[in-house]
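After the structure tokens below, expect a handful of questions from me.
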Amino acid sequence: MNKLSILLVACAFLLPGCGQETVSSGSPEHAGGSSFAEIYAAAEQALAVAEAKRNVWSRTEGLLRDAKAADADGRTDEAIALATEAKLQAELASVQADTEAETWRTRVLSN
Amino acid sequence: MGKPIKIRAKVKGDISEVKALMPHDMESGLRRDAETNELIPAHYITELVAEHNGEIVMTAYWGPAVSRNPYVSFSFTGGVAGDTIKIHWEDNQGDSSTTEAVLK
Amino acid sequence: MNNKILLLSVIIGLFAGGGATAGPEEDRTAMLEYYTGRFPDVPLQEFANGLYAFDEIAREQWIEMEDFPPYEIAIEDGQALFEARFANGKSYADCFDNGGIGIRQQYPYFAADLGEVVTLELAINQCRAANDEQPLPYLTGDLAAISAYMSYTSRGNTINVEVPQDNPSALAAYESGKQYYYTRRGQLNFACMSCHVQSAGLMLRADRLSTTLGHATHWPVYRAKWGETGTLQNRIIECNSQVFAKPLEPQSIEYRNLEYFLTYMSNGLELNGPASRR
Amino acid sequence: MKVHRRLVLKGTLALSAIAAWPRLLLAARPDSAFSANDADKAIADLFGQTPLDSDQVKMKIPDIAENGAVVPVTVSTDLENVESISIVVVNNPTPLAAVFLLTPRSIPSVSVRIKMGQTSQVRALVNAGGNLYSTSKDVKVTIGGCGG
């Protein structure tokens, strides 16, 4: 199992129950001290990259929407946690697309 | 006005077998719209009457637990090829549908 | 002839990317051998019935459904729509070979003029556009009904999708569909093949996974889960969602190429659509 | 609606002269039984009596439902003078699913497709000759993946 698979599987365990939008609690002091606006912008940027690779995960955009709503609601820690998760998802999707660009061939039955 | 009922009615010996398929949503009233999250109002067939040459051969009363696009089949004696089978339904919102078919 | 072979080998070389890459026919044969080896008791044409080829309990219920299947509503609606005239007096029959009857086995095909794969559903909307009619939504409803009627008239015909060997773009489209099929995607990191090759016949939660062989024979499908009749791409979108991948647009290039590959894998099987599924 | 009710009455009058099966000669839909949220209540409301288990009532229904949205059921019986066949899904929010009123010309066999919200006992009830007979079967409903 390669690193990506392990990462992705680990990530899958973070999936909340089907269809539920549970929220992981944000730590009050987030690393680097970036503002919500910065993290949100970075997540949007990462999402655009994944979108260009035609490989976006289905919950990422929802996380960003929820992040925006939480921020508007004054729930900043939650907003930051959501945007951070969205950014991570978008980045992983990009890595997945890049890795798969060649590895798919190893699975072909007629090989 | 409900959509027409699809009816297949066949006679074999003295027994006539009727199968019917009714396009209908059969909403239970318990489901939520995926987008708005609002409850979808109950909409289901409540009563069904089947007639052979004008005589009732089966009546059914249904709740919302009959599947979407309901299917029913039943049999009766005394029919011959060429006879008329008529099926009529009414639902809880006042819609209804009536379709006639020929016994084959 | 020699030139063609030369061209072909150049193309194959291009796509091989260093490793050996098989052509469509080798892909199909490999898949056929894989499934017939894994399910030696399943007669070939039975693969067109999906999980019902090897799940007895499900099969019994499916046979009861097929006795008077809800997709008959779609066939009837589809026939009426198919036969209706456009505002200009023409109809769908004017757009298709043989008046549109019994032709599904030709789809999808690679349209050399467009340089793209054309599915039957795309062709239905192309026909509408050519007659100044608005396009229909691709996944369910009227278009799925028309497609269901056209499938119904094609039942029993043998799927015969061609990848013209003299057209590198066609081969590229096929390869792109094949790549999509084998590529892992979504938060669950699944490829189509993860479920339908490696785990075919096994249970995934409550569902028994079907084989790729036969995936393209029976569309559109009345799926009990949907409560309506939908097209193959409606199901592909659902597959994407199930692995937490954001679906692409219906009839996007990727999906059409995937359908091209997928249907090619079922070449030689008889069409048996529309069908009912759980 | 009115016309239809009258037709039903006409169809059942002849029968009511033969025997006293008061609660079952329905001239109209038994709405209260359909809205009961308990299987026993629904049956009591509908029939006013407790069913006897009988192997003469046959129910064909899968052990494991492919999809709870569409579960094919056939209920038939060798009993004579069958007046009605009913289907109850014990664990559904409103358990009474369907009541079929038969006539002297009916073959006592009906098929229908029903919804089951979850694994449940399904009961088939046959009212014949003034008595109520039943059979039941447990049907497993599996949920088909997320959002199924």
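In what follows, every chain begins at residue 1, and chains take the letters A, B, ... in the order their sequences are listed.
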*asked:* Holding to ring pair (Phe, Tyr, Trp, His ring centres under 6.0 Å), I want the full list of residues that pass it with B/Phe76, two or more places apart in sequence or in another chain.
replied: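 Scan of B/Phe76 (ring pair (Phe, Tyr, Trp, His ring centres under 6.0 Å), adjacent residues dropped) gives B/His52.
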*Nearest 0.5 Å, what's the CD1-CE distance between D/Ile107 and B/Met58?*
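Between atom CD1 of D/Ile107 and atom CE of B/Met58 there are 13.5 Å.
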*Could you have a look at B/Ser75, B/Ala60, B/Ser96, B/Gly78 and say which one has the most heavy-atom pairs with chain D under 4.5 angstrom?*
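Most pairs with chain D among the choices: B/Ser75.
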_Residues in residues 85-94 of chain D near chain B [non-hydrogen atoms, under 4.5 Å]_ =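 At a heavy-atom separation under 4.5 Å, chain B is reached by D/Asn92, D/Pro93, D/Thr94.
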*Are D/Arg113 and B/Tyr71 in a cation-pi contact, defined as NZ or CZ under 6.0 Å from the six-membered ring centre and within 45° of the axis?*
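Ring-cation test returns yes.
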*Check whether D/Ser106 gets within reach of chain B through its side chain, its backbone, both or neither, counting any heavy atom under 4.5 Å.*
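Its backbone and side chain both get close to chain B.
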*Count the heavy atoms of every other residue, nucleotide or ligand shown that sit under 6.0 Å from NZ of D/Lys140, and state whether that count exceeds 12.*
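No.
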*Just by distance, do the side chain of B/Ser67 and the backbone of D/Ile114 share a donor-acceptor pair under 3.5 Å?*
yes
*asked:* Please evaluate residues D/Phe100 and B/Leu48 with respect to the criterion side chain to side chain contact (heavy atoms under 4.5 Å, CB included), reporting the C-alpha separation (whole Å), side-chain torsions for both, the decisive distance (0.1 Å), and the verdict.
replied: CA-CA 9 Å; D/Phe100 297 88; B/Leu48 181 95; 5.6 Å; no
*Side chain / backbone / both / neither for D/Val71 at chain B, heavy atoms under 4.5 Å*: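 Backbone only.
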_Using only non-hydrogen atoms and a strict under-4.5 angstrom cutoff, which residues of residues 56-66 of chain D touch chain B?_
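Residues of residues 56-66 of chain D touching chain B at under 4.5 Å: none.
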*Value rounded to 0.5 Å, distance of CZ in B/Phe74 from CG in D/Leu102*: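 Spacing of CZ (B/Phe74) from CG (D/Leu102) equals 10.0 Å.
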_Heavy-atom contacts under 4.5 Å, residues 9-34 of chain B to chain D_ = B/Ile15, B/Leu21, B/Met26, B/Ser28, B/Leu30
_Can you tell me which portion of D/Phe34 sits under 4.5 Å from chain B's heavy atoms? Options are side chain, backbone, both or neither._
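Side chain only.
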